[in-house]
Amino acid sequence: ANPRFYEARLLLTDGIEDIRTTIDEITNRSRDESQSDLFAALEQTQDRFEWVGINPDTGAQALYVGLPVKLAGGPTGAFTERPSVRGYLLITQDINDLLSSQLPPPWDQVYLMISDGHSHEHSLAPLTGHSHDASAAQQTSLNAQLFGFSTGGWHVIRADDVSYRHTSIQLNERLKLNAVFPVELIQGPSRDVGRLILSTAAVVLAVCLPLLLLWFHRYYVVPINRLKQALGGIHEENMSAQIEHHSNDEIGELFRAFNSMSRRLAASDKRIRKLAFADTLTGLPNRVLFQKNLQRALSQADREQKTLALMFIDLDNFKIVNDTLGHSAGDLLLQEVALRLQENLRAEDIALHLDGNDLKANFSRLGGDEFTALIPNLTAPHQAATIAVRIIDSLTDPIVINEQPVFVGASIGIALWPTDATEATDLIQHADQAMYQAKHDGKNTYRFYSDSIGAATLLRSQIEQQLRQAVAESAFQLHYQPVINSRSLKVEGFEALIRWNNKELGAVDPDEFIPIAEDNGLIIPLTQWVLEEVCQQLFKWRQQGHTQACVAVNLSARNLALPGFALDLIEMLHLHQIPASSLAIEIKESVLIGADKQVMETIQQLHSAGMKVALDDFGTGYSSLTSLHHSHIDMLKIDGSLIQTLTNDNNSAILSAILTMAEALNLKVIAEGVETAEQLAYLTKIRSVLIQGFAFSPALPAAQAIIYTPQAEPNRTPVKDPTAC
Ligand code: C2E
Ligand code: CA
Ligand code: CA
């Protein structure tokens, strides 16, 4: 710095200037300092002295440095006298320039100030240089506050509602350089900087945000949506959903993980489906899957307005195979059937035959020997018939099991959607009813569901209902049809035939309700009633003297399969004091073909007990006599259907063959359903056969039956005792 004013003075103890020297020539306005604050401070100082104040000569801020001048003795003083103050050496240095040194704005607003550590009332050095910014009052207030602070650090001081920042550094023991500036000075620029930063940030954001969003959308939203879609696919059972991906980042990783999970899910889903939906024996869809497929096919048919056919396929002779060859043979048979169904009815094959229409037969196995076929997209019902014929044909060739050819046929019921039903359950029921009708109509054939089948089914269910009650109330009668020796005109015995007159249904044919009773098990109590009734009747007749009376009773497979049946029957005869020889049992040829061990044992027990065993309806079951267990059979009852067609040469040849064979096997023969004199004459001519038919008499109530006398031909004499066995 280049101080403008520099002054050295020697003041005497009374405050009057003694000597003065200056650099610049300036008027001396302070010759007498005795009254000044400066001198008052100087007087109190024993040592070096510093003081900051206004130089009255220049009016500028000045730093005063002084030293007391001490002299001991002097020309008048004693030698031992202690030195005393004789005056003060005082140097004045203006520091205005130093404090107002040119600083660039805004730092030129910083107030620099030197303070001297004396009591502030008189050592106050007013702020200089930039006093234009602060009012006089502000300056005084600021000055007053500066003394409270220790050196270093930052303090906030306020004057007239303006905030200032203050800091100081110690120049020496007493002198301090203070800096004071309005807080605004740094807050203003920092606010500007803040604003700049804010606006820059806003611009950056405005530019970057869309880009960021775009990037986010592309790299996160789009892939996540794809993932969501794929997950949705899994939800809708598309387990093998895969997402294409090329990136190696986290999303790519996620996709890879998803794909692998999806693959595994698909594999286990396949396994589970196989376990839950496949028939383990044939590999065809099982009942559960059939239901699902049906529902799906029905909605599709509705959507596309197409006709759908549901087929119920039931094997005709499965039970016989199962019973005679064993269950494992039955399993092999079912597997072969499933194979044939699928192989012979491949979609392409059918399509070729059915007007180029894309038809598929979707097979299932519901259980046992029950199969179904779903055929969607039919354009005409006859297409279903074509497929049914193919199915029947495919099962015509014998199936070889354990090197043995087995013949199975199939009965097929067909119901059409939406013609025959509007509910899935109805469609199933109707296909089942049509199948039942096909069986009823002679098996190995197909039937479309019709209203008459529906009516027949309804009747069947009514019969079943009424039958239950009738059995409980024993609301039946027994009629007896005489069996006559055509040559001797002797009544050889009777067949007991049940009659049922229901108040709602009227007279119901045994051919109608017996099969139902056999199906639902009512045949057991029903046969029990018949046997009891026959025993009582025989007992009555015997009491009346008809000791030779003999009655044949029809037994069904279920009766014979009942363990203990034979013993119970023997016991019953015993109770009524009836010899076993008075009772004959009739067993249908079909029962004997499929007879199991228990059935054979029952027959054998009854036979051994002395009852005659007749093979009923012979000639309808295509069984060869020699293959039957004929050792316990005493009689053959030739079915009425064969008798009805006797005029046919072929049939008479069959009949004479049967008769010859029966003779060889020592079997009696009864011709059933002999209606005309012509048939009677024909039979009588061949051999001595027993006749049962309307040609003589229908079944009669007991009282009439016992007195029945066959009408003799003109040249024959009727036999006296009509009841002799
Ligand atoms: P089925 O054992 O073959 O009995 C002979 C059937 O032929 C009887 O019919 C009889 O009335 C009928 N019939 C007799 N002569 C003639 C004839 O000259 N022409 C014609 N067209 N039919 C004749 P029904 O009584 O209606 O019995 C039908 C079937 O019901 C029986 O056939 C038998 O299988 C069963 N059935 C009848 N009663 C019983 C019974 O008490 N128990 C069992 N398990 N089945 C019975
Ligand atoms: Ca019979
Ligand atoms: Ca019969």
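Atoms within a ligand are numbered from 1 in the order they appear, just like the ligands themselves.
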- prompt: Is there a donor-acceptor contact under 3.5 Å linking the side chains of Asp316 and Ser411?
  reply: yes
- request: Could you point out which residue of Thr602, Val553, Leu583 forms a side chain to side chain contact (heavy atoms under 4.5 Å, CB included) with Leu569?
  value: Leu583
- prompt: Among protein heavy atoms, which lies nearest atom 38 (N) of ligand 1, and at what distance?
  reply: Ile498 N, 3.1 Å
- prompt: Just to confirm, does any protein heavy atom lie below 4.0 Å from atom 7 (O) of ligand 1?
  reply: no
- request: Would you confirm whether any non-hydrogen atom of the protein falls under 4.0 Å from atom 12 (C) of ligand 1?
  value: no
task: Distance to 0.1 Å, residue and atom name: give those for the protein heavy atom nearest to atom 18 (O) of ligand 1.
output: Phe694 N, 2.9 Å
- prompt: Under 3.0 Å from the Ca ion (ligand 2), is there an N/O/S atom belonging to Glu672?
  reply: no
message: Under 3.5 Å, is there a donor on one side chain and an acceptor on the other for Gln528 and Asn559?
response: no
task: List every atom of ligand 1 that sits less than 4.0 Å from any heavy atom of Asp511, numbering the atoms from 1 in the order shown and giving each element.
output: 28 (C), 29 (C), 30 (O)
query: Which of these, Arg499, Lys588, Glu533, has its nearest heavy atom closest to atom 33 (C) of ligand 1?
result: Lys588
- prompt: Any protein heavy atom lying closer than 4.0 Å to atom 44 (N) of ligand 1?
  reply: yes
message: Can you classify the ring geometry of Phe476 versus Trp529 as parallel (below 30°), tilted (30 to 60°) or perpendicular (above 60°)?
response: tilted
field: atom 20 (C) of ligand 1 protein-contacted (non-hydrogen atom, under 4.0 angstrom)
entry: yes
- prompt: Out of Lys637, Glu675, Glu672, Gln644, whose heavy atom sits nearest atom 5 (C) of ligand 1?
  reply: Glu672
Contact with ligand 1 for Glu518, non-hydrogen, under 4.0 angstrom: no
Heavy atom of the protein closest to atom 42 (N) of ligand 1 (residue, atom name, distance): Asn554 O, 3.5 Å
Angle subtended at the Ca ion (ligand 2) by OE2 of Glu495 and OD2 of Asp616, nearest 10°: 170°
field: Considering only N, O or S atoms of Asp617, the one closest to the Ca ion (ligand 3)
entry: OD1
- line: shortest atom 15 (N) of ligand 1-to-protein heavy-atom contact is with Gln481 NE2, 3.0 Å
Whether Arg558 side chain and Asp519 backbone form a donor-acceptor pair below 3.5 Å: yes
